[in-house]
**Q** 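One structure, as structure tokens, below. Some questions next.
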2 protein chains.
Amino acid sequence: MAVTIYDVARLAGVGIGTVSRAMNDSRHIHPETRRRIMEIAAQLNYRPHGVAQRLARRKNFTIACVVPFFFNYFYLDLLKYIQNELGAYQYDLFLYSIDRFDNKNLVFDRVLAERKTDGILIISVEPGPDYTGKFRSAKVPVILVDATHAQLDSIVIANREGAFVATEHLIRLGHRHLGLINGDLNSFPARSRLQGFQEAMSRHGLVVDPKAVRLCSEKSGAHGFNEQAGYLAMQELLALKSDHPSAVFIASDVQSIGAMRAIREAGLRVPDDLALVGFDDIDFAKYVGLTTMKQPLEEMARLAVERLLLRMDNRAEDDFHLELSPKLVVRRTCGATKRRVVEPV
Amino acid sequence: MAVTIYDVARLAGVGIGTVSRAMNDSRHIHPETRRRIMEIAAQLNYRPHGVAQRLARRKNFTIACVVPFFFNYFYLDLLKYIQNELGAYQYDLFLYSIDRFDNKNLVFDRVLAERKTDGILIISVEPGPDYTGKFRSAKVPVILVDATHAQLDSIVIANREGAFVATEHLIRLGHRHLGLINGDLNSFPARSRLQGFQEAMSRHGLVVDPKAVRLCSEKSGAHGFNEQAGYLAMQELLALKSDHPSAVFIASDVQSIGAMRAIREAGLRVPDDLALVGFDDIDFAKYVGLTTMKQPLEEMARLAVERLLLRMDNRAEDDFHLELSPKLVVRRTCGATKRRVVEPV
DNA sequence: ATGAAAGCGCTAACAG
DNA sequence: CTGTTAGCGCTTTCAT
């Protein structure tokens, strides 16, 4: 068995309470006693038992991060930032993944039931309707990242706005017949991006061609936001032959990559035959010259963690619904550099 | 305060021991008592307190996964598979990231000290020399993934073999002047891949041109295995002008992507001016048509978790050093389809 | 300032 | 089969 607080206490000739006080920087301890205890502790290589501490303190110093399967590279960066941020506060991170959407509540139940975490960061998933109450009664704060909920703190990308900007950018470039490749509407970002697209179209007096709108099914994984889905969706668009849109807003970069593959295989060229704007700005976007909406992930992670810690400290007053604006990054695929003539509407 | 085992016991009119037995499927309990207890427990929505269980059981049902910063997409997939596999066994996963190599031991110390995990999965990092002993005396099993150590179980990709195959493939295609872009030699895979490259060269009686070998510094992050590093390395190679190699084995796909960017910007073409073979087979490899060595990540994750559980059960007898062979995936960048004439040596 | 003792919520050994 | 009790290792009153 490892060395415990009792061993230290015995060797130091003090009670365990005093050792505990020494270890925890209590002010109620004589500096000299403290010094002696710390010395003996170091000598014995004593480290407090984390689990016992948690039980006694009724606090875990651990947060759970719930991520829907890992298909999207988006999550990797976000996770990296979150873990970095959390580490700075000496918090540990439990990673839970959701493999299927019908399973999501199972994960929440488990996290709540086992009470091993002080807070939950939920990425890109909306908890079921009755979970607000469960979270509240379990007294475990929840921050939604990349998803919203009326009763839960959330921090999201301004998806609607981003889609609007992306779409408008294509319109300004002179395109009139626009297409959309989107994820499954079960996903919140997909819904918002659809909205933004529609708004941009109607704002400019354009009608949405239903045939040019493709929603990728979540059955293909990652809410439909994956390469293969984008590939297939673009094939369908190209099957419209000469009637295909001249530009497409694609609601994620991974889909865009797939779409570009389909275009290449069809012997067409981007942006000449088809202009593209994506969403996310994953690393690879710059390698393929994809024009896209950049998500401020690091800021998102920092704010989410900060907010969660605040909540766990009960130092959070009001509700919190933050929206961070994505930024348009113009590259090659939108054909901006071609300076097309804007046709009169 | 939440409902405890005492509440259930009181309402059921039994002792807490009986409740515990009921919850834990002990055989030493009357089915009827058990039924009644479970009913009351359900009614009260009682869930055992995970932390208390851990303390009493002296077992955590948690493993730690230590990942060196998240630069490489490789880790995302691996993590996904590991988490999936672990979930099947009802284990939780603590995620720790190493941001700098000089920090790696800090993480290990922390993980060991807090005793919150039953086992450790270390990805792509070799622990310092004195850590074998620490792990052993802490009685926490460790499995190295994508790294080796004489005294620690490990499971790796056959990096040397993979590099050999990749290089030989280029040689068979007729190339004589080969280049290498590699990661930092502080990284184990980088060292092995260098070896494989050299062996293939000498096996075929070719000499390695030192000017055509680029080691990317780990200072650029991810052991040098990142896009930017590949980009810069390739620029250096192209600066050799007509003396640049006709084919390059690049020790990772992300570097390859960067390298391809450099080539494109230089106005050269792959594979005509420069043939390429990468390593990893990340998702994006297929989009850019990158010929590469595919790593069997899912199998790796499954075997690593299996093995770790075995160790934690003390059911592992001998040492364990597994090497999984990567497989050559031929695509466009190696120019295989051009059927070059093999020049006589 | 410090020791003693009472939990934290559960498991497991020991009687019966 | 079941109740009782002694831990698990630490924190935190409560006296002193």
Side-chain angles (χ1 to χ4, degrees), chain A residues 1-38 40-41 44-62 90 112-118 138-140, chain B residues 1-38 40-41 44-62 90 112-118 138-140:
Chain A
M1 208 36 57
V3 28
T4 76
I5 200 171
Y6 289 93
D7 302 319
V8 180
R10 191 164 2 89
L11 259 85
V14 298
I16 59 166
T18 307
V19 176
S20 174
R21 279 184 282 262
M23 300 297 297
N24 294 294
D25 284 325
S26 165
R27 297 169 288 92
H28 307 293
I29 189 173
H30 193 96
E32 172 54 23
T33 329
R34 188 186 133 74
R35 199 199 50 70
R36 210 178 69 249
I37 290 178
M38 292 309 273
I40 292 181
L44 262 49
N45 195 26
Y46 165 70
R47 312 312 296 297
H49 188 121
V51 181
Q53 280 184 315
R54 288 144 133 77
L55 184 60
R57 285 187 176 141
R58 287 176 213 79
K59 164 140 191 182
N60 290 109
F61 280 98
T62 298
Q90 299 275 34
L112 286 180
E114 304 187 336
R115 274 164 289 169
K116 292 179 295 198
T117 60
D118 303 319
K139 289 191 181 36
V140 28
Chain B
M1 210 35 59
V3 28
T4 75
I5 199 171
Y6 287 93
D7 302 318
V8 180
R10 191 167 358 93
L11 260 84
V14 298
I16 60 166
T18 307
V19 176
S20 174
R21 277 185 285 263
M23 300 300 297
N24 294 294
D25 283 324
S26 166
R27 298 169 290 93
H28 308 294
I29 189 173
H30 192 94
E32 172 53 22
T33 328
R34 188 186 135 73
R35 201 199 49 70
R36 209 177 70 247
I37 291 178
M38 292 309 272
I40 293 181
L44 263 49
N45 195 25
Y46 165 71
R47 310 313 295 299
H49 188 120
V51 180
Q53 281 183 314
R54 289 146 131 78
L55 185 59
R57 286 188 174 138
R58 285 176 215 83
K59 164 140 191 182
N60 290 107
F61 281 96
T62 297
Q90 300 275 36
L112 286 180
E114 302 187 339
R115 275 162 289 169
K116 292 179 295 198
T117 60
D118 303 318
K139 288 194 184 31
V140 30

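Residue numbering restarts at 1 for every chain, and letters A, B, ... go by the order of the sequence lines. Values in this document were obtained by computation on a predicted structure and should not be read as measured data.
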**Q** Write down the distance between CZ (B:Phe61) and C1' (C:dT11), rounded to a whole number of angstrom.
**A**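 Atom CZ in B:Phe61 sits about 13 Å away from atom C1' in C:dT11.
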**Q** Between B:Pro48 and B:Gln53, what is the shortest heavy-atom contact and its length?
**A**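 Smallest interatomic distance, heavy atoms only, reads CB-NE2, 3.4 Å.
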**Q** Report which part of the nucleic acid B:His28 touches: base, sugar-phosphate, or nothing (heavy-atom distance under 4.0 Å, all strands).
**A**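 B:His28: base contact, heavy atoms under 4.0 Å.
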**Q** Checking all strands, does B:Gly50 fall into the base, sugar-phosphate, or nothing category for heavy-atom contacts under 4.0 angstrom?
**A**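 Since no nucleic acid heavy atom lies under 4.0 Å of B:Gly50, the category is nothing.
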**Q** Would you check if the side chain of B:Arg47 reaches a backbone N or O of A:Glu114 as a donor-acceptor pair within less than 3.5 Å?
**A**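 Pair absent, no side-chain N/O of B:Arg47 close to backbone of A:Glu114.
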**Q** Starting from P on C:dA1, measure out to CZ on A:Arg35 and report it in whole angstrom.
**A**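 After rounding, the gap between these two atoms is 17 Å.
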**Q** Could you state the NZ-P distance from A:Lys116 to C:dC10, rounded to the nearest angstrom?
**A**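 Roughly 14 Å, once rounded to whole Å.
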**Q** Set out, in order, the CA-CA distance, both residues' side-chain angles and the distance that settles side-chain contact (heavy atoms from CB on, under 4.5 Å) for A:Met23 and A:Met38, then state yes or no.
**A** CA-CA 7 Å; A:Met23 300 297 297; A:Met38 292 309 273; 3.9 Å; yes
**Q** With no hydrogens and no angle check, is any side-chain donor or acceptor of B:Arg36 less than 3.5 Å from a backbone partner on B:Arg34?
**A**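 Pair absent, no side-chain N/O of B:Arg36 close to backbone of B:Arg34.
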**Q** Could you check how far CD of B:Glu114 sits from P of D:dG9, rounded to whole Å?
**A**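 In whole Å, D:dG9 P lies 16 Å from B:Glu114 CD.
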**Q** Taking only side-chain nitrogens and oxygens of A:Thr33, does any of them come within less than 4.0 Å of OP1 or OP2 of C:dT2?
**A**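 Checking C:dT2 against A:Thr33, a side-chain N or O does come within under 4.0 Å of OP1 or OP2.
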**Q** So what does B:Val14 hit on the nucleic acid, given a heavy-atom distance under 4.0 Å: a base, only sugar-phosphate, or nothing?
**A**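 Here B:Val14 touches the backbone only, sparing every base.
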**Q** At what angle, to 10 degrees, do the two end axes of the helix from C:dA1-D:dT16 to C:dG16-D:dC1 meet, given five pairs define each axis?
**A**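 The angle separating the two end axes equals 40°.
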**Q** Please work out if A:Ile29 contacts a base, only the sugar-phosphate, or nothing of the nucleic acid, heavy-atom cut-off 4.0 Å.
**A**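 Result for A:Ile29 = sugar-phosphate.
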**Q** Does the side chain of A:Arg57 come within less than 4.5 Å of A:Asn24's, by heavy atoms?
**A**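 In contact.
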**Q** Summarise how protein sits on nucleotides 11-16 of chain D as a single string, 5' to 3': B when a protein heavy atom is under 4.0 Å from the base, S for sugar-phosphate-only contact, - for no contact.
**A** BBB---
**Q** In whole Å, what is the span from the NZ atom of B:Lys59 to the C1' atom of D:dC8?
**A**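 Taking NZ of B:Lys59 and C1' of D:dC8, I get 16 Å after rounding.
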**Q** Do side-chain atoms of B:Asn60 reach the backbone of B:Asp118 as a donor and acceptor pair under 3.5 angstrom?
**A**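 Between the backbone of B:Asp118 and the side chain of B:Asn60 there is no qualifying donor-acceptor contact (under 3.5 Å).
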**Q** Between C:dG3 atom P and A:Ile37 atom CD1, what is the distance in whole Å?
**A**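 After rounding, the reported distance stands at 8 Å.
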**Q** Search all heavy atoms of A:Thr33 against all heavy atoms of A:Thr18 and return the closest pair with its distance.
**A**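 The answer is CG2-CG2, 4.2 Å.
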**Q** For the pair made of CZ in B:Arg34 and P in D:dT2, what is the distance, rounded to whole Å?
**A**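 Taking CZ of B:Arg34 and P of D:dT2, I get 12 Å after rounding.
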**Q** Using distance alone, with no hydrogens and no angle criterion, decide if A:Thr62 and A:Arg54 have a side-chain donor and acceptor under 3.5 Å apart.
**A**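 Side chains of A:Thr62 and A:Arg54: pair found under 3.5 Å.
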**Q** Could you tell me whether A:Lys59 atom NZ has more than 12 heavy atoms of other residues or ligands within 6.0 Å of it?
**A**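 More than 12 heavy atoms, drawn from other residues, nucleotides or ligands, come within 6.0 Å of this atom.
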**Q** How long is the line joining CZ of B:Arg47 and P of C:dC10, in whole Å?
**A**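 Rounded to the whole Å, the gap is 12 Å.
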